Amino acid sequence: MSIIPLIYSANHMFVDLPEGRWLVDTGCPNTFGTPGHVTWDGVRQSVPQQFGSVTMREIQSHVNTPFVGMIGSDLLNAQDSCWDGPAGELRLGDANIHADASTVEFEDLMGAPVVQARIGAYTARCIFDTGAQFGYVLDERFVEGAISDGRINDFNPIIGAIESPAWRVEVVLGGARFTERVGLLSGIASQALKAFGIDAFIGCSWLSSRTIWYQPTARRLYISSSPKTLP
């Protein structure tokens, strides 16, 4: 089992590797970064320095802390792992699931996990995107009666720039219940995602106080029974 330092900072989920700090992103299909290589599970391998036409400089301008690259689903889905926010560890190969953890089955959509959750009063089919600092809904019914919370200005390597009103909504995923700040995704990206039956994105805002066992081999998540207070 390999243990990697796991850090929640600037509303994102990072790991510290020999090459520097990397953002962990289940919603990104490919790992890439400015060093041109990454050491994962003790093995150094070459990776692209950018994602298509999207450079790290462009992504960095939207994240308020320095980092060198993105760990994508190509590496994350190669083996099971445990994301232990309270312990500050990402453990590759850890299958020691707590007996009281809730189970969430997921589907695979181009490498990204798709889970069923409840957002507000409605059931939603959601991309679980650890690279997203906010959640997103694709239909206004999910924010009916929700509390307005300013505006979101965000960036996604696949979708591009995102601007939207924001709301606070209650999300229930397995045994986890949390409040997520969400925006409304519209336009061509929304239409394309709806064609795949996607209703929303769940981001990483709730993960720092939880332990998550991510098992892409079985297409399951296990979520610790209750959040823990960070030291």
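For the single chain, residues carry numbers from 1 onward in sequence order. Scope of the values below: all heavy atoms of this structure, side chains included, with no hydrogens, waters or symmetry mates. Model, not experiment: these values are computed from the prediction.
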Tell me, do [X] and [Y] make a side-chain contact under 4.5 Å, heavy atoms counted?
X: Pro5; Y: Phe14; value: no
X: Pro216; Y: Leu76; value: no
X: Phe67; Y: His12; value: no
X: Ile212; Y: Asp84; value: no
X: Met70; Y: Met56; value: yes
X: Ile147; Y: Trp167; value: no
X: His98; Y: Trp213; value: yes
X: Val171; Y: Arg118; value: no

Reported [atom1]-to-[atom2] distance for the pair [X] and [Y], which is rounded to 0.5 angstrom:
X: Ile3; Y: Asp94; atom1: CD1; atom2: CG; value: 8.5 Å
X: Gln133; Y: Ile152; atom1: CD; atom2: CD1; value: 8.0 Å
X: Ile198; Y: Cys126; atom1: CD1; atom2: SG; value: 8.0 Å
X: Asn96; Y: Arg91; atom1: CG; atom2: CZ; value: 8.0 Å
X: Leu138; Y: Leu185; atom1: CG; atom2: CG; value: 5.0 Å
X: Asp80; Y: Thr217; atom1: CG; atom2: OG1; value: 3.5 Å

Quiz item: Counting only heavy atoms not in Glu105, do more than 12 fall under 6.0 Å of its CD?
Solution: yes
Quiz item: Is the CG atom of Asp41 crowded by more than 12 outside heavy atoms at less than 6.0 Å?
Solution: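 Yes, CG of Asp41 has more than 12 neighbouring heavy atoms, counting only those of other groups under 6.0 Å.
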Quiz item: On the ring face of Phe106, is Arg220 found with NZ or CZ under 6.0 Å from the centre and within 45° of the axis?
Solution: no
Side-chain H-bond candidate by donor/acceptor type, [X] with [Y], under 3.5 Å:
X: Ser81; Y: Trp83; value: yes
X: Tyr136; Y: Asp154; value: yes
X: Thr130; Y: Asp25; value: no

Practice problem: Let me see the working for Ile223 and Leu173 under side-chain contact (heavy atoms from CB on, under 4.5 Å), right down to the final yes or no. | Solution: CA-CA 9 Å; Ile223 304 173; Leu173 174 63; 4.0 Å; yes
Practice problem: Please name all residues satisfying ring-ring contact (aromatic ring centres under 6.0 Å, His included) with Phe134, sequence neighbours left out, ordered by chain then number. | Solution: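 Applying ring-ring contact (aromatic ring centres under 6.0 Å, His included) to Phe134 gives none.
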Which pair of non-hydrogen atoms, one from [X] and one from [Y], has the smallest distance, and what is that distance?
X: Ile4; Y: Asp16; result: CG2-O, 3.6 Å
X: Cys204; Y: Asn11; result: SG-O, 3.5 Å
X: Arg210; Y: Arg177; result: NH2-N, 3.9 Å
X: Tyr222; Y: Ala101; result: CB-CB, 4.2 Å
X: Ser73; Y: Thr26; result: CB-O, 3.9 Å
X: Ala176; Y: Trp206; result: CB-CZ3, 4.0 Å

Backbone N or O of [Y] within a donor-acceptor pair of the [X] side chain at under 3.5 Å?
X: Asp74; Y: Thr31; value: yes
X: Thr55; Y: Gln50; value: no
X: Glu58; Y: Ser61; value: no
X: Arg168; Y: Ser148; value: no

Cluster overlap [X] with [Y], hydrophobic side-chain contacts below 4.5 Å:
X: Met110; Y: Phe51; answer: no
X: Val182; Y: Leu184; answer: yes
X: Ile158; Y: Val114; answer: no
X: Leu92; Y: Val24; answer: yes
X: Ile127; Y: Phe142; answer: no

Practice problem: Before accepting this row, confirm whether a basic side-chain N of the pair Glu19/Arg44 lies closer than 4.0 Å to the acidic partner's carboxylate O. | Solution: no
Quiz item: Between Ile162 and Asn153, does a side-chain contact (heavy atoms from CB on, under 4.5 Å) hold up when you go through it step by step?
Solution: CA-CA 6 Å; Ile162 303 171; Asn153 291 286; over 6 Å; no
Quiz item: Under the side chain to side chain donor-acceptor pair (under 3.5 Å) rule, what pairs show up with a residue in residues 190-205, not counting sequence neighbours?
Solution: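 Counting only pairs at least two positions apart or across chains, the side chain to side chain donor-acceptor pair (under 3.5 Å) contacts touching residues 190-205 are Glu180-Ser205.
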Quiz prompt | Worked verdict on Val115 versus Leu221 for side-chain contact (heavy atoms from CB on, under 4.5 Å) | solution = CA-CA 9 Å; Val115 298; Leu221 295 171; 4.0 Å; yes
Exercise. Verify side-chain contact (heavy atoms from CB on, under 4.5 Å) between Arg125 and Gln116, making sure each step is shown before the conclusion.
Key: CA-CA 5 Å; Arg125 194 165 173 261; Gln116 183 167 290; 5.9 Å; no
